[in-house]
Structures are given as structure tokens and as C-alpha cells.
Amino acid sequence: MLKIADLQLKNPVICAPLAGISNSAYYSLCLQQGAGLVYTEMTSSEAIHYGNKKTFAMCEIPEDTHPIALQLFGAKVSSMVEAAVYLDEHSSCDLIDINMGCPAPKVVKTGAGSALMHEPELAFAIVREIVRHVKKPVSVKMRLGYAQNERNYLPFALGLQEAGASLIAVHGRTRTQMYQGEADWEAIKEIKEALSIPVFGNGDVRSVEDYFRRKEESGVDGIMIGRALVGNPFLIREIVLAIEGKDYRKVAVEERLEALRLHAQRLCALYGEDAAMRQLRGIAPSYFKGLRGAAVFRARCSSLLKYEELEKILEEYIVSVSE
């Protein structure tokens with residue numbers, strides 16, 4: 001069993017945070033499939049500081065969605081500490097995660113996310129002060145550096161450990177790479193070998209085979225999976241069964257579509273139908289990926305306006321593959 005400070009995880013299959021996706025409608029599905037730990041999408045420390053009601057709502061964790069890490073981003077020590085203390089006292093999250101890996105321009109230009117890899121002393125101060133003020137374990141998600149000529153991942157990870165982080169999760173790319181090119185798992189291995197705290201590896205894990213290959217070659221404590229789970233949370237179950245030495249079967253079409261239906265219903269309950277359907281347009285097509293004769297139905301999903309439209313698409317697809 002994997003242990004992070006006092007937090008015990010049942011397995012090392014980790015659901016990565018995804019901006020605009022990792023809400024309770026999504027991560028609850030991942031936990032149902034057996035994920036050892038899930039992450040929320042990023043929460044702004046400044047928004048917590050200014051009392052933003054929408055942000056406070058994002059910090060509310062449903063009772064049946066544990067263990068879960070709530071991810072903060074920001075670039076000021078004072079507001080990051082204030083936000084972390086708020087999560088420690090008012091959120092039921094199990095882990096407070098600090099984002100130092102997001103490459104999005106709107107985050108980086110504020111000095112947060114992967115921009116903190118430019119400012120290691122500030123990054124260490126944020127971790128050190130948060131650890132001083134909270135009881136929950138504190139983790140950090142980072143990249144290999146800001147750019148290819150600034151791959152400072154080893155001293156950065158060591159500094160975070162010294163500052164008191166209980167866990168480091170590493171995306172095997174630099175900020176300037178964004179999500180392009182192949183993740184560097186050799187660098188992730190270097191970090192794992194140098195640190196005494198748990199290390200998660202992240203990048204290009206899309207199958208059961210990828211999981212075992214990356215786990216073996218890097219020696220990391222956990223494997224974090226991101227985009228590959230969108231529309232396919234069943235990959236978690238497949239990996240967990242394989243870890244246990246059990247056979248895993250191909251997911252039936254009906255089960256895949258039922259998961260999409262459940263995802264949509266939970267989004268509607270969370271945001272209301274209009275906002276839920278806007279978000280679902282970018283997610284629903286992924287549930288049809290690889291299914292026979294699904295191209296037309298995937299296209300229709302990308303323009304959803306009402307939940308009843310989704311139900312009609314699902315019914316018509318089942319009929320089409322039954323003929």
C-alpha cells in the first residue's frame with residue numbers, strides 16, 4: 001500500500017488534474033473505476049483570498065469522493081498560505097497540491113504554474129510556509145523545467161523535498177514543450193532515485209502496457225494518467241486488475257455509453273443543463289473513440305445543446321450497431 005505522510009492509497013493508479021474537466025462529475029467516475037487517488041482542477045489562491053463564491057464551491061468535496069487532492073495555484077506566499085489554511089480547515093480534501101507545472105499562458109503570465117520553476121526560491125518558500133501552517137500533507141506537481149535549456153528538475157525537486165513536500169508528481173516535459181513531443185521518463189527516474197519521498201510520474205501513459213513499462217523503467221511510486229482517461233475511465237480498472245494479476249475484459253459498448261450518460265447527468269446536476277452541455281461537447285466524443293461506426297455520432301456530440309439530444313444519440317447508436 002502506498003503511503004503519503006499519513007495518507008494511505010490502495011493502489012498507485014493516479015488520476016491527473018485536467019483543467020476544465022477534473023470536477024466531481026469526472027473524478028467520481030474515476031474513483032468508481034478504482035483510482036488510488038484523484039485530483040481536482042486548479043483552484044486560484046487569489047480567488048480564495050478575495051472570497052469568490054464559485055471558487056469556494058469548487059473546494060467542496062462530495063462525501064463519497066476520496067481520497068482526493070485539491071490543487072492550488074498562485075505566486076504569492078501570503079495568499080497561497082491563506083488559501084492552503086482555508087483548505088486545511090474548511091475542505092475535506094485529503095491532500096493539498098501546489099501546481100508548479102501548468103503551462104497555460106494565462107497562468108504563467110501571473111508567475112504561477114510552471115513559471116515558478118523560473119523562481120525556485122519563491123517556490124520553496126511557498127511550500128515551506130504552507131507546510132508550516134497546515135496539518136494535511138502537501139504535494140507539488142512540477143515539470144522538468146521551463147525550457148529545454150532550463151531543465152532544473154533535479155535541484156528543484158530536491159528543494160521542494162527539503163521545504164517539506166510529502167510528494168512530488170512530475171510531468172516529463174518542459175513548459176515550452178506544452179504537451180508536444182515524448183515525455184522524458186529517464187528524467188523522472190533521476191528524480192525518483194534522488195528523492196526519499198514518494199514520486200509520481202506523468203506523461204504518455206495510454207494503456208495497461210504503458211503503465212507497466214513506465215512503472216518498471218522509472219521505479220516511481222505512482223503513475224499519473226491524464227488525457228487517456230477522458231472518455232475511458234475504464235483504463236483505471238484494467239490497470240488495477242492487471243496489478244492484482246487478474247484478467248481484464250474489453251469494456252462493452254453499453255457500459256461505455258452508460259458511463260457517458262452518467263457523466264452527463266452529474267455535470268447537469270453540478271452546473272445546470274446549458275453549462276453542462278457546453279462542457280460535454282469536448283468530452284462526449286471521447287466515449288465513442290474506437291467504437292464501430294461511431295464517426296457520425298461523435299460529430300453530433302460536439303454540438304450538443306440539450307441532455308435529451310445526448311439520449312437520442314445514444315439510443316440511435318445502439319440501434320445502428322445492433323442491425
Can you run down the ring pair (Phe, Tyr, Trp, His ring centres under 6.0 Å) pairs that involve residues 29-62, sequence neighbours left out, and say none if there aren't any?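 Qualifying pairs, neighbours excluded: Phe56-Tyr86.
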Could you name each residue pair satisfying ring pair (Phe, Tyr, Trp, His ring centres under 6.0 Å) that touches residues 152-207, not counting sequence neighbours?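 Found Phe124-Phe156, His171-Tyr179.
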Taking atom [atom1] of [X] and atom [atom2] of [Y], what is their separation to the nearest 0.5 Å?
{"X": "Met80", "Y": "Ile126", "atom1": "CE", "atom2": "CD1", "value": "5.0 Å"}
{"X": "Glu41", "Y": "Tyr27", "atom1": "CD", "atom2": "OH", "value": "9.0 Å"}
{"X": "Lys136", "Y": "Leu7", "atom1": "NZ", "atom2": "CG", "value": "10.5 Å"}

Mind listing the closest non-hydrogen atom pair of Ala228 and Leu235 along with its distance?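 Reported closest heavy-atom pair: CB-CD2, 4.2 Å.
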Lys215 versus Val220, closest heavy-atom pair with distance: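 Minimum heavy-atom separation between Lys215 and Val220: NZ-O, 3.0 Å.
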Taking NZ, NE, NH1 and NH2 as the nitrogens, is one of them in [X] or [Y] under 4.0 Å from a carboxylate oxygen of the other?
{"X": "Glu309", "Y": "Lys312", "answer": "no"}
{"X": "Asp247", "Y": "Arg249", "answer": "no"}
{"X": "Glu217", "Y": "Arg214", "answer": "yes"}
{"X": "Arg151", "Y": "Glu190", "answer": "no"}
{"X": "Asp6", "Y": "Lys135", "answer": "no"}

Verify same cluster id: Ile223, Val13 (apolar side-chain graph, 4.5 Å):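 Yes; tracing contacts between hydrophobic side chains, which count when under 4.5 Å, links both residues.
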Would you sort out whether Arg300 and Val296 count as a side chain to side chain contact (heavy atoms under 4.5 Å, CB included), showing the intermediate values? CA-CA 6 Å; Arg300 287 171 62 187; Val296 172; 4.3 Å; yes
With side chains defined as the heavy atoms from C-beta onward, is the minimum distance between Leu305 and Arg281 less than 4.5 Å?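 They are in contact (side-chain heavy atoms under 4.5 Å apart), so the answer is yes.
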With a cutoff of under 4.5 Å between side-chain heavy atoms, which Ile, Leu, Val, Met, Phe, Trp and Tyr residues group with Val251?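 Members other than Val251 - counting any ILVMFWY side chain reachable under 4.5 Å - are Phe234.
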Which ILVMFWY residues can you reach from Tyr146 by hopping between side chains whose heavy atoms are under 4.5 Å apart?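 Besides Tyr146, the cluster holds Val108.
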Under 3.5 Å, is there a donor-acceptor pair between the side chain of Ser139 and the main chain of Ile168?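 No, Ser139 side chain to Ile168 backbone: no donor-acceptor pair under 3.5 Å.
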Any side-chain to backbone donor/acceptor pair from Arg143 onto Met178? Under 3.5 Å, distance only.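 Here the side-chain-to-backbone pair exists.
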Taking ring-ring contact (aromatic ring centres under 6.0 Å, His included) as the test, write out the residues that go with Tyr307, two or more places apart.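 Once residues adjacent in sequence are excluded, Tyr307 has no partner under the ring-ring contact (aromatic ring centres under 6.0 Å, His included) criterion.
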Once ring-ring contact (aromatic ring centres under 6.0 Å, His included) is applied, do any residues pair with His66, and if so which ones, sequence neighbours excluded?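 In terms of ring-ring contact (aromatic ring centres under 6.0 Å, His included), with neighbours along the sequence ignored, His66 is linked to no residue.
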Is it the case that the side chains of Thr174 and Glu150 hold a donor-acceptor pair, with the cut-off being a distance below 3.5 Å and no angle test?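 Per modelled atom types, Glu150 and Thr174 side chains form no pair under 3.5 Å.
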